Amino acid sequence: MKKIQMVDLKGQYENIKETVNHSIQNVLDTNAYINGPEVHKFQASLEQYLDAKHVIPCANGTDALQIAMMGLNLKPGDEVITADFTFAATVEVIALLQLTPVLVDVEEDTFNISIAAIEKAITPKTKAIVPVHLFGQAANMEAIMQLAEAHNLYVIEDNAQAIGANYKWADGTKTKAGVIGHVASTSFFPSKNLGCYGDGGAIFTNDDELAHTLRGVVNHGMYERYHHDVVGVNSRLDSIQAAVLNAKLPLLDTYNDARQAAAAQYSAALAGHKNIITPFIAGDKDSHVFHQYTLRIVDADRNGLMQHLLDKGIPCAIYYPIPLHSQKAYRDERYKESDFPVTNQLVKEVLSLPMHTELDEEQIKFITDAILDFLK
Ligand SMILES: *Cc1c(COP(=O)(O)O)cnc(C)c1O
């Protein structure tokens with residue numbers, strides 16, 4: 001059996017080496033390192049793939065979120081509601097822009113932002129909601145868009161973990177995650193579902209005017225050379241990273257299929273066990289692209305299981321071990337522990353298993369056998 005990796009970037013690279021190398025060599029041969037043809041090609045290909053009117057490439061997923069918020073012209077003191085159970089980047093940029101983060105609890109089944117909690121948190125100062133499509137599955141966008149419309153709020157999707165997921169509406173139609181809200185951000189960090197070989201990110205929107213604003217914000221607030229109309233940032237996707245992404249974007253659906261197949265094999269072996277809750281998929285099979293495959297270990301020794309797996313050479317991880325409202329940087333006296341019953345429970349129960357495009361059946365069986373052996 002091949003050694004099990006949490007994320008197997010090397011194995012994936014071996015299978016696409018020729019295309020990626022050719023793509024990178026092309027950048028080296030043309031010396032178009034910044035804003036070159038590879039970047040424009042990637043932008044157009046991603047617009048087509050997502051069916052998004054505008055993709056604005058930038059330097060990373062955290063910048064993408066920040067730029068999206070800058071483009072909406074939110075003002076210090078505006079309240080922005082986001083999930084308590086996520087990676088810190090989301091709340092970090094809200095705080096950096098001197099907006100007021102309002103963390104709310106998540107749903108127990110999908111781990112995504114709770115609709116009831118959003119509703120409860122809306123005040124006259126609320127200006128935006130940032131749903132995070134956690135672990136590869138879109139949040140309940142239908143309910144979020146309805147709330148946003150009723151209260152005149154922006155919706156900024158943090159789509160760093162769910163690129164390629166198809167959100168299913170109540171009427172059965174589907175839209176790609178990231179083109180539902182007013183604007184969305186994504187990350188091409190190497191381990192993401194569509195990863196480059198360094199840092200990268202992008203912003204998506206269907207709004208022409210906002211797209212124009214954002215293209216200036218990413219480029220020093222410049223709309224005409226050396227005319228700086230707004231305070232901007234410097235955030236670029238470089239051509240070498242775009243070349244890698246051009247080689248990988250045509251494979252994204254195949255990669256997501258491989259993740260879904262691995263998830264299905266995990267769940268087939270583990271579902272129904274009294275101490276295990278396998279991931280819940282709210283729509284169809286293609287609604288969840290499994291950036292992570294995350295179990296809940298209930299009424300059992302989650303940390304002991306983790307150690308047991310590590311001892312057997314099976315990497316695994318806790319995403320995320322500490323709720324954001326308990327982090328030193330984001331504590332606030334407005335929060336009560338009773339506001340976050342689900343997140344406080346999840347941080348004690350979640351365990352993410354190896355998930356990538358190169359997992360094989362033998363490896364997955366080895367992992368599920370080891371879990372069942374420990375839990376008996
Ligand atoms: C990875 C990630 C980000 C940040 O992306 P970077 O490219 O690392 O800056 C933001 N939000 C979520 C939910 C992420 O998983």
Side-chain angles (χ1 to χ4, degrees), residues 6-7 9 42 46 55-70 80-97 101 103-104 106-107 110-113 128-139 141 144 155-165 167 177-178 180-181 183-204 218 233-238 240-242 244-245 248 256 259 288-294 317-324 327 329-330 343 346-347 350 352 355-356:
M6 193 70 186
V7 176
L9 293 175
F42 175 64
L46 189 58
V55 164
I56 297 126
C58 66
N60 59 66
T62 310
D63 273 9
L65 265 173
Q66 178 180 332
I67 293 157
M69 287 181 209
M70 289 170 79
V80 179
I81 299 173
T82 195
D84 189 37
F85 186 61
T86 177
F87 181 58
T90 327
V91 65
E92 175 179 80
V93 300
I94 298 171
L96 264 177
L97 293 173
L103 295 167
V104 302
V106 296
E107 308 280 5
T110 61
F111 310 154
N112 278 321
I113 194 164
I129 306 169
V130 187
V132 181
H133 302 324
L134 202 72
F135 300 154
Q137 171 161 241
M141 290 305 290
I144 291 169
V155 175
I156 305 156
E157 296 171 74
D158 181 344
N159 197 31
Q161 299 189 2
I163 194 158
Y167 177 72
I180 301 166
V183 61
S185 60
T186 199
S187 164
F188 305 121
F189 185 81
S191 64
K192 298 284 156 86
N193 290 37
L194 178 60
C196 57
Y197 294 164
D199 273 311
I203 309 148
F204 324 143
V218 296
V233 295
N234 168 29
S235 187
R236 295 185 284 240
L237 179 71
D238 73 69
I240 290 183
Q241 299 311 330
V244 174
L245 292 166
K248 287 178 73 172
N256 282 340
R259 289 172 178 273
H288 197 324
V289 292
F290 288 97
H291 175 59
Q292 299 295 345
Y293 181 88
T294 304
I318 296 169
Y319 303 120
Y320 296 92
I322 304 170
L324 290 179
Q327 298 283 359
Y330 304 111
T343 302
L346 289 178
V347 295
V350 287
S352 296
M355 176 48 76
H356 54 79

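Numbering of ligands and ligand atoms starts at 1, following listing order. All of these numbers come straight from a predicted model, not from anything done at the bench. Computed from heavy atoms alone, side chains included, the values below leave out hydrogens, waters and symmetry copies.
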* To do: Report yes if the side chains of Thr90 and Leu324 come closer than 4.5 Å at any heavy-atom pair, otherwise no.
  => no
* Hey, could you give me the NE2/CZ distance between His291 and Arg259, rounded to the nearest 0.5 Å? => 7.0 Å
* Any N or O of Phe87 closer than 3.5 Å to N or O of ligand 1 -> no
* Asked: Would you find a donor on one side and an acceptor on the other, under 3.5 Å apart, between the side chain of Asn112 and the backbone of Leu134?
  -> yes
* Asked: At a 4.0 Å threshold, what atoms of ligand 1 neighbour a non-hydrogen atom of Asn60?
  -> 7 (O), 9 (O)
* To do: Taking the side chain as every heavy atom from C-beta outward, state whether Val155 and Pro131 have any atom pair closer than 4.5 Å.
  => yes
* Please say whether Asp199 places an N or O atom under 3.5 Å from an N or O atom belonging to ligand 1. => no
* Asked: Is the shortest distance from a heavy atom of His291 to ligand 1 less than 4.0 Å?
  -> no
* Distance filter under 4.0 Å to Ser187 heavy atoms, resulting ligand 1 atoms -> 5 (O), 6 (P), 7 (O)
* Structure fact -> Atoms of ligand 1 under 4.0 Å from any heavy atom of Gln161, numbered from 1 in the order shown, are 13 (C), 14 (C), 15 (O)
* Asked: Which bit of Asp158 is near ligand 1, meaning a heavy atom under 4.0 Å away: side chain, backbone, both or neither?
  -> side chain
* Structure fact -> Which of Ile129, Val91, Val93, Ile94 passes side chain to side chain contact (heavy atoms under 4.5 Å, CB included) with Val80? It is Ile94
* Aromatic plane relationship, Phe135 with Tyr320 - under 30° parallel, 30 to 60° tilted, over 60° perpendicular -> parallel
* To do: Just need the protein heavy atom nearest to atom 2 (C) of ligand 1, so name the residue and atom and give the distance.
  => Lys192 NZ, 2.7 Å
* How far is atom 4 (C) of ligand 1 from its nearest protein heavy atom, and which residue and atom is that? -> Thr62 OG1, 3.5 Å
* To do: Take Phe189 and Phe87 through the ring-ring contact (aromatic ring centres under 6.0 Å, His included) test and state the conclusion after the steps.
  => CA-CA 13 Å; Phe189 185 81; Phe87 181 58; 8.7 Å; no
* Asked: Side chain or backbone of Val132 under 4.0 Å from ligand 1, or both, or neither, by non-hydrogen atoms?
  -> side chain
